[in-house]
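Reading through the structure tokens given below for one structure.
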There are 2 protein chains.
Amino acid sequence: MKIKLVIFEDNHQLRKSLEILLNTSESYVVIGNFPHVSKAKEIILDLRPHLVILDIDMPGKDGITAIPVIKEIDPEIFILMYTQFEDDEKIFRSLCAGADGYILKKTSPLKLILALDEVRKGGAPMSPAIARKVLASFHTSVKDKINYNLTSRETEVLKYLIKGCSVKYIASELYIAYETCRSHLKNIYTKLHVNCGKEAIAKVLAEKIEL
Amino acid sequence: MKIKLVIFEDNHQLRKSLEILLNTSESYVVIGNFPHVSKAKEIILDLRPHLVILDIDMPGKDGITAIPVIKEIDPEIFILMYTQFEDDEKIFRSLCAGADGYILKKTSPLKLILALDEVRKGGAPMSPAIARKVLASFHTSVKDKINYNLTSRETEVLKYLIKGCSVKYIASELYIAYETCRSHLKNIYTKLHVNCGKEAIAKVLAEKIEL
DNA sequence: TAATTTATCCCCCTTATAGGGGATTGTGCA
DNA sequence: TGCACAATCCCCTATAAGGGGGATAAATTA
């Protein structure tokens, strides 16, 4: 059973030669080949490929816009970006959107096939520069975050709160009175600009506020 | 000005040959060479290298444990993991901890230097398989998550809850009675094995449960 | 030294939430 | 045809949580 490919590539010549190249391989078969992604949804729903090769720079709709569309239809469909220039920003946006890797158009036919194999096996081919960007946004996510000026005690209380603990429990854990704990919470709510514990938890966890 | 390197590597022979190799290069100079990471903090504070080459498998303390220690001293110090086996899990843990890339011990001297250059330039050398793992955990597509069997309506209610909304507000947003909303919440709490909304929010957001 | 901050505690009052029931309607599946 | 289930709504009760006060001792800062 060959892996079914759909290609979106605006350059007519390149599109054709890609098709010929891939169809001569023993593992892949091109079942669709289109110059733009405006009908991507219908095409994917209709053809149900295993893997999509997606050019980034295309007239009209950007290839990146098609990523969420395809992944929503079936997250199992692999998406390999195919770009002429090593534009870090675009490739990074592609990967954020859910692409499974990318290859440059200057890549040799052999390496193209290898990259496809890699994607199929669950790998995500990408250059070190891009990998670094992904890594960076992966752990140091948002460093430019607001300082809410919580005191050390308030921070302690908040740490328990975001675990879902009750006020009573937090108080007992910190060996302070229930009312003291509530005082801290009141101050926390004021400082975080929220009105209740639920909002505080949601804010801290959703905004990845470090404590 | 040469890039100052510190190496942590338990194999004596390898450590020595690494040092000789790197010292013959025109860009790098090895200023420290140690068989274990137990004194990593003191060493880094003292020597202040630009880049650290870190073996993962070492007797006593694992090389990975040294990553946060080094990064806390100076996040600008690059860390390149140096491993014998392509152990996905360990490499992944290393990258999560803050490593800037990794190379295998079987890597040729030329490629080792290239990888160091890559790290210096801000790249993060890694294999496609690792890149995929990073990508995956990056957009939280943890597939092996528990299915709590929430109904579509319960999911809707929960989506509002984790934004910190009150029961009354959720009810009004969904055009249902307050008591209906509460019924859904009761069922949600049962299914998630929690006792209150705060716990539910904490659980969903902390465990990155997809809704 | 005086003012400020922090952490601690207490009161009252109101509202929100949780837990325990129970009931009705429609839908889909066996 | 009947059953299970999802979604809707209601009641009662107890506890938890939030908002508004205020107070004190210790430490820090101006």
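In what follows, chains carry the letters A, B, and so on, assigned in the order in which the sequence lines appear, proteins first and then strands, with residues in each chain numbered from 1.
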Is there a donor on the side chain of A:Lys186 or the base of D:dG20 sitting less than 3.5 Å from an acceptor on the other? yes

May I ask you to say what B:Asn195 touches in the nucleic acid, namely base, sugar-phosphate or nothing, with a heavy-atom cut-off under 4.0 Å? sugar-phosphate

What is the nucleic acid contact for B:Thr151, judged by heavy atoms within less than 4.0 Å: base, sugar-phosphate only, or nothing? sugar-phosphate

Rounded to whole Å, how long is the line connecting atom CG of B:Leu150 with atom P of D:dA7? 10 Å

Gap between atoms NZ and C1', on B:Lys191 and D:dC5 respectively (whole Å): 9 Å

Both B:Cys196 and B:Ile176 contact DNA chain D. Which one's nearest nucleotide lies toward the 5' end? B:Ile176

Over how many whole Å does the gap from A:Ile188 atom CD1 to C:dT6 atom P extend? 13 Å

Starting from the 5' end of DNA chain D, give me the residue, A:Lys168 or B:Arg153, whose nearest nucleotide shows up first. B:Arg153

Side-chain donor-acceptor pair present, A:Tyr82, A:Asp57, cut-off under 3.5 Å: no

At 4.0 Å (heavy atoms only), tell me whether A:Tyr178 reaches a base, stays on the sugar-phosphate, or touches nothing. base

B:Ser183 near the nucleic acid: base, sugar-phosphate alone, or nothing, with a heavy-atom cut-off under 4.0 Å? base

Please determine whether any donor N or O and acceptor N or O are separated by less than 3.5 Å between the side chain of A:Arg182 and the base of D:dA17. no

